[in-house]
Amino acid sequence: MSLVAAVMVACGDDTRFRVTGEVQGLGTRTINMIYVADGAVHQEGQPAIDGKFDLSGVSAEYTVAELFTAQRKLIARLIVKNGQTINCKLDLDNPYVIEMKGNKPVEQWSGWIRQNAGILEIGQPAQINSLVADYVVNHRDDILSSALMLTTYHATDYESQADSLFALISPAARPDKLVDDYRLLLSYNNTAHLNARMRPFSLYSYGDSIEHYAPGKTSYTLFYFAAQEHRRDTIVREIEKIYDDYSRRRLKVLDVSMATDTLSWKRERPDSLKWTRVWTPGGVASAAFDPLNIPRLPYYIFADSTGTQIYRGSSVNTAIDSLRSRLH
């Protein structure tokens, strides 16, 4: 954003909006903002200075904007329109440590995320949907109800419930433009990485050896991407429940660490895990995984012997359900 534009927004220019703040852990890396306005996808970006950033955009009506790194890691979502300045305090490694101020929807949204961090982090669709449903039922006139339905509610296998909940939201709180714009943004973000295939790679594995992955060696592979503990015990228990049910020829589990270095990685969890642990320098931006556009951690991808992604998302339970339906 130019200095002139920054000054104009700071002085109350109602022809633009501004998003400013600090992201702990970002350092001097680039931060990007993507949103839809006037039927087109817009992207702004700049190198942060010690995690501090100042971005602006143009949208006459409320739109959902996403903040993310140059490696496509999602940092936060917000609702904004022209004339507003949103101030953010965010954490690159923990999206649940979040505070946003500048309009009622973003203040409600960041508060809701902090309040429900435990359930959101585990990522079980039924529990998350219950949280969203509870908010919608009790806040039918809030535009945040629409934003949560669009961004957070797991509609797959819950289509009828999603329709019923959307119908509860007052028309003023679910403007067609907001809904259409976000769906365009989602389509734009999803097209490339949904069709990307898991490619062969060689990565450093626990025990000071090299793991050579090739899709055709196993019928199915479950990838578990993570960077730090974050209630890993719960996730590990879910994977342990199914791991011994299948031969290694039928199912492989790859635990992919995005830790900053091998020392941090080796401290992450005990050696007793049965499945393969690997570490990738560069994290989600590494050559092996950059095309997949992994938006957050932990994250799961279930792929077949051709490298086709069958499931991708934040729910270990949904990944395992998908796995069981194909292996039984």
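Sequence positions, counted from 1, serve as the residue numbers for this chain. Computed from a predicted model, the values in this text were never measured in an experiment. In what follows, every heavy atom counts, from backbone to side chain, and hydrogens, waters and symmetry copies are set aside.
- Residue-environment remark: CG (Asp245) exceeds the threshold of 12 foreign heavy atoms within 6.0 Å.
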Decide yes or no on side-chain contact (heavy atoms from CB on, under 4.5 Å) for Asp14 and Asn82, but give the supporting numbers first.
CA-CA 5 Å; Asp14 62 2; Asn82 289 346; 5.5 Å; no

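- Taking hydrophobic clusters as Ile, Leu, Val, Met, Phe, Trp and Tyr residues chained together by side-chain heavy-atom distances below 4.5 Å, Met33 does not share a cluster with Leu74.
- Counting heavy atoms from C-beta outward, Thr28 and Pro47 have side chains that stay 4.5 Å or more apart.
- Annotation for Val106 and Lys101: closest pair CG2-C, 4.0 Å, computed over non-hydrogen atoms.
- Contact annotation: the side chain of Ile239 approaches that of Val316 to within less than 4.5 Å [non-hydrogen atoms, C-beta and beyond].
- Note that OH of Tyr182 is 7.0 Å distant from CG of Leu150, once rounded to the nearest 0.5 Å.
- The closest donor-acceptor contact from the side chain of Arg277 to the backbone of Ser257 lies at 3.5 Å or more, if one exists at all.
- With contacts defined as side-chain heavy-atom distances shorter than 4.5 Å, the pair Leu92/Arg29 qualifies.
- When the shell of 6.0 Å around CG of Asn138 is examined, it contains more than 12 heavy atoms from other residues, nucleotides or ligands.
- In this model, no donor atom of one side chain and acceptor atom of the other lie less than 3.5 Å apart for Arg250 and Thr218.
- Gln46 places a side-chain N or O within donor-acceptor distance of the main-chain N or O of Asp54, the cut-off being under 3.5 Å.
- When the side chains of ILVMFWY residues are joined at heavy-atom separations under 4.5 Å, either directly or via intervening members, Val97 and Trp109 end up in two distinct hydrophobic clusters.
- No donor-acceptor pair under 3.5 Å is formed between the side chain of Ser322 and the backbone N or O of Ala319.
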Taking it one step at a time, do Glu66 and Arg77 satisfy salt bridge (charged side-chain N to carboxylate O under 4.0 Å, His left out)?
CA-CA 4 Å; Glu66 297 185 341; Arg77 293 187 179 99; 2.9 Å; yes

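- Remark: side-chain polar atoms of Thr151 are paired, donor with acceptor, to backbone N or O of Ala147 under 3.5 angstrom.
- In this structure, Arg199 fails the cation-pi test against Tyr213, since its NZ or CZ atom is not both closer than 6.0 Å to the six-membered ring centre and inside 45 degrees of the ring normal.
- Counting all heavy atoms, side chain and backbone alike, Ala167 lies closest to Arg174 at O-NH2, 4.1 Å.
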Set out, in order, the CA-CA distance, both residues' side-chain angles and the distance that settles side-chain contact (heavy atoms from CB on, under 4.5 Å) for Glu61 and Asp181, then state yes or no.
CA-CA 10 Å; Glu61 305 296 332; Asp181 284 355; over 6 Å; no

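- With 3.5 Å as the limit, one finds no donor-acceptor pair spanning the side chains of Asn129 and Gln161.
- For the atom pair CD (Gln309) and CE (Met198), the distance works out to 6.5 Å, reported to the nearest 0.5 Å.
- Within a 6.0 Å sphere centred on CG of Leu327, heavy atoms belonging to other residues, nucleotides or ligands number more than 12.
- A donor-acceptor contact under 3.5 angstrom links the side chains of Tyr135 and Asp142, judged on distance only.
- A donor-acceptor contact shorter than 3.5 Å links the side chain of Arg248 to the backbone of Leu251.
- The shortest non-hydrogen separation linking Leu203 to Trp279 is CB-O, 3.8 Å.
- Taking 4.5 Å as the limit, every side-chain heavy atom of Gln124 sits out of range of all side-chain heavy atoms of Ile119.
- Across all non-hydrogen atoms, the minimal contact from Glu44 to Ser56 is CG-O, 3.3 Å.
- For the pair Thr63 and Lys81, the minimum side-chain heavy-atom distance is 4.5 Å or more.
- From Lys89, atom NZ reaches atom CE of Met100 across 13.5 Å, with rounding to the nearest 0.5 Å.
- Contact annotation: the side chain of Ile143 never approaches that of Lys104 to less than 4.5 Å [non-hydrogen atoms, C-beta and beyond].
- Between the CG atom of Leu168 and the CG atom of Asp163 there is a distance of 11.0 Å, given to the nearest 0.5 Å.
- At a threshold of 4.5 Å between non-hydrogen side-chain atoms, the residues His139 and Leu144 do not count as touching.
- In terms of modelled atom types and a separation under 3.5 Å, the side chain of Arg16 and the main chain of Gln84 share no donor-acceptor contact.
- Atoms CG and OH, from Leu90 and Tyr96 in turn, are 13.5 Å apart once rounded to the nearest 0.5 Å.
- When all heavy atoms are compared, the tightest approach of Gly57 to Tyr35 is CA-OH, 3.3 Å.
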Assess the residue pair Met149 and Val179 against the criterion (side-chain contact (heavy atoms from CB on, under 4.5 Å)); give the C-alpha distance rounded to whole Å, side-chain angles, the decisive distance to 0.1 Å, and a yes or no.
CA-CA 10 Å; Met149 289 298 301; Val179 175; over 6 Å; no

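- The side-chain heavy atoms of Tyr220 and Ile310, taken from C-beta on, include a pair separated by under 4.5 Å.
- Side-chain N or O atoms of Ser59 include none that pairs as donor or acceptor with a backbone N or O of Ala37 at under 3.5 Å.
- Both Ile31 and Val41 are assigned to one and the same hydrophobic cluster, defined by single-linkage of ILVMFWY side chains at heavy-atom distances under 4.5 Å.
- A donor-acceptor contact shorter than 3.5 Å links the side chain of Ser146 to the backbone of Ala173.
- Using bins of under 30°, 30° to 60° and over 60° for the plane-to-plane angle, the ring pair Tyr300/Tyr224 lands in the parallel bin.
- Ile79 and Ile86 get closest at one heavy-atom pair: O-CD1, 4.3 Å.
- Atom CD1 in Ile113 sits 12.0 Å away from atom CG in Leu131 (nearest 0.5 Å).
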Kindly determine whether Val136 and Leu148 satisfy side-chain contact (heavy atoms from CB on, under 4.5 Å), including the steps that lead there.
CA-CA 8 Å; Val136 171; Leu148 290 177; 5.6 Å; no

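- A salt bridge is absent between Asp304 and Arg326; no separation between the charged side-chain nitrogens and carboxylate oxygens falls under 4.0 Å.
- For Ser170 (side chain) and Arg140 (main-chain N/O), a donor-acceptor pair under 3.5 Å exists by modelled atom type.
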Step by step, work out the side chain to side chain donor-acceptor pair (under 3.5 Å) result for Arg197 and Thr308.
CA-CA 5 Å; Arg197 290 180 181 267; Thr308 299; 2.6 Å; yes

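- Note on Phe166: it clusters hydrophobically with Val137, by side-chain heavy-atom contacts below 4.5 Å among ILVMFWY residues.
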